[in-house]
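What follows is a short report on a single structure.
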Amino acid sequence: MTLKQYNWKDGPDLIQQHSVAKHRILEAYLAAYFRTLVSSPNQDVLKLTLVDGFAGGGLYVHNDTREPVKGSPFIFLEATREAEFLINKDRRKPVHLQVDYFFTEADRHAHMHLDKVLREAGYGDRIGNGIYIDHARFQDKADAIIEFIKRKSPRNGRSIFALDQYGYKEVPTHLLRKIFAALPSAEVILTFGVDSFMNFASDGDQVKDLLNGLGIPDIFGGRSVEEIKASDRDWRLFLQSTLYRRLVENSGARHFTPFFIRNRGGHGDYWLIHMSQHHRARDVMTEVHWANNNYFIHYGGAGLDMFQMVGYDPVHDADYLQQSPLGFEFDDIARRASIAALNEHIPRRVYANDAGISFGELFATTCNSSPASARIYRQSIGTLLDEQALEIVGADGTKRRSSAQIKDSDQIMSPPQRTLFMAV
Ligand SMILES: C[S@@+](CC[C@H](N)C(=O)[O-])C[C@H]1O[C@@H](n2cnc3c(N)ncnc32)[C@H](O)[C@@H]1O
């Protein structure tokens, strides 16, 4: 199925609720991002560049309510204004958010519409002076934007790139690698139309060219999609999990979130993949998913082996799906399932090494394949501590009584006398 594309030729176009879901996530993420970054009372400036690589025309009309809906460029601008107000309202020393914006849009009508609505909203004097609107393909502007960010923030290249493409072809992995190689603190929020990809893949023969173009060749180990379909009952899951893994591996990002947004109308599931170089950034986005559970769903187990075929457990998942027929939905059922799964997986990791593992390392090395946030890891570790299945030892040798304040450097260890039934 080809999704309908927006058209701003005659003013704002209609937008569907499942696309509005993306806006809510972006908004919530930006608010959490600013809160996390501006935590020191001594900080007086935060330099940041926000890039909307597929900016759209700036304004829509909601398909159901007919209310006006602001597009992603406004979300970026307003999130900064709101954060600046909230952060500074109780501070003695105000923080100045020094933010530049790049809005790139390939379609002429959309670009013109965006320019018009931004001017109408009072941003005219900032256009060309902190707000850069380009009628261009993002791929063609990326180098110049990266150079701008490197000059502005030479140490860390702090930036967020929202790459909200139609479909799945416009953001090849070499482009993502370029961003992460040049800008250590860059984060990317990538839309990937997995349903459209699957429909295309099901049709067969040009898949190789497509995958080469995306920079993920040979991901199916030389097998054609036809062969995979013929031999694998769960071929959709296999294709998706393989595609997902190779896409994020080849992006050059160390951390990522593997979540779907499902169009409840039945068509057009897409991935909203957050990519970053730090597990804390990943945790901030994971918390946003748990807090916005109306839209998110993912496949696979709830523990540390989500999306990995070796760990895919149809029996466990069948039970789970009975309780929650749409799949994993970041709700209470999902939270309980996540804690239960971590209660099994964490001891395995801890017992594998006599010295145990630090909380920081446990989280950083496993979070990519888990839907759980650091908070949920702590809850699971708390349960295991109560059951005396493990102990937590601080850097100075003190044993922790609770997991609530666990630090990254705390060592999680097997208790000296592990009972037989705990042996894994
Ligand atoms: C999904 S829409 C963007 C919606 C927008 N981010 C929002 O949330 O309001 C994708 C946009 O990307 C534009 N586009 C398509 N290919 C592009 C490319 N290679 N570079 C930049 N923009 C592109 C389309 O014209 C369309 O406006």
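Predicted model only: the values in this text are computed from it and were never measured. One-based numbering, in listed order, for ligands and for the atoms of each.
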Passing candidate, side-chain contact (heavy atoms from CB on, under 4.5 Å) with H279, options D408, T366, T365
D408
If the threshold is 4.0 Å, N to carboxylate O, is there a salt bridge linking E249 and R246?
yes
At under 4.0 Å between heavy atoms, is it the side chain or the backbone of P73 that contacts ligand 1, or both, or neither?
neither
Would G57 count as a polar contact of ligand 1, with the cut-off being nitrogen or oxygen pairs under 3.5 Å?
no
protein heavy-atom neighbour closest to atom 21 (C) of ligand 1 works out as G53 O, 3.3 Å
Indicate whether any N or O donor in one side chain lies under 3.5 Å from an N or O acceptor in the other, for Y101 and T49.
no
Any side-chain donor near an acceptor of the partner, H62 and Q17, under 3.5 Å
yes
We want to know whether T286 and R282 form a side-chain donor-acceptor pair, criterion being a heavy-atom distance below 3.5 angstrom.
yes
Protein residue, atom and distance nearest to atom 20 (N) of ligand 1, heavy-atom basis:
F138 N, 2.9 Å
Heavy atoms only: give me the nearest A55-F103 pair and the separation to one decimal.
CB-CB, 3.9 Å
Can you tell me which residue and heavy atom of the protein come closest to atom 22 (N) of ligand 1, and the distance to 0.1 Å?
A106 N, 3.2 Å
Test item: T104 side-chain N/O and D134 main-chain N/O as donor-acceptor pair under 3.5 Å
no
Atoms in ligand 1 flagged as close to G71, the criterion being non-hydrogen separation under 4.0 Å:
9 (O)
Nearest non-hydrogen protein atom to atom 10 (C) of ligand 1, with distance, is D164 O, 3.4 Å
Distance only, no hydrogens: is a donor on one side chain within 3.5 Å (strictly under) of an acceptor on the other, for Y33 and E187?
no
Using a 3.5 Å cut-off on N or O atoms only, is W8 in polar contact with ligand 1?
no
Atoms of ligand 1 close to G56 [distance to a heavy atom under 4.0 angstrom, numbered from 1]:
27 (O)
If you have a sec, work out which protein heavy atom is nearest atom 11 (C) of ligand 1 and how many Å separate them, to one decimal?
E105 OE1, 3.6 Å
Closest to atom 2 (S) of ligand 1 among protein heavy atoms sits Y166 CE2, 3.7 Å
Under 4.0 Å from any heavy atom of Q139, which atoms of ligand 1 are there?
18 (C), 19 (N), 20 (N)
Check D195, V225, L210 against F200 for a side-chain contact (heavy atoms from CB on, under 4.5 Å) and give me the one that passes.
L210
Can S231 and R223 be counted as having a side-chain donor-acceptor contact under 3.5 angstrom?
yes
Backbone of A395 reached by a side-chain donor or acceptor of Q411 within 3.5 Å
no
Give the atoms of ligand 1, by number and element, whose distance to some non-hydrogen atom of D107 is under 4.0 Å.
25 (O)
How far is atom 9 (O) of ligand 1 from its nearest protein heavy atom, and which residue and atom is that?
Y60 OH, 2.5 Å
Polar contact flag for Q165 and ligand 1 (N/O pairs, less than 3.5 Å)
no
Answer with yes or no whether the side chains of T191 and D164 bring together a donor and an acceptor at under 3.5 Å.
yes
contact_flag A136 ligand 1 heavy-atom lt 4.0 Å:
yes
Would you mind checking which non-hydrogen protein atom is closest to atom 14 (N) of ligand 1, with the distance to 0.1 Å?
F54 CD2, 3.8 Å
Give a yes/no verdict on whether any heavy atom in H23 is under 4.0 Å from an atom of ligand 1.
yes
Here the gap from L118 atom CG to L77 atom CG, rounded to the nearest 0.5 Å, amounts to 6.5 Å
Going by the 4.0 angstrom heavy-atom rule, the piece of Q5 near ligand 1 is neither
So if I count the atoms of ligand 1 from 1 in the order they appear, which ones are less than 4.0 Å from some heavy atom of S72?
5 (C), 6 (N), 7 (C), 8 (O), 9 (O)
Just heavy atoms, cut-off under 4.0 Å: does Y270 contact ligand 1 by side chain, backbone, both, or neither?
neither
For ligand 1, find out whether one of its N or O atoms is nearer than 3.5 Å to an N or O atom of Y6.
no
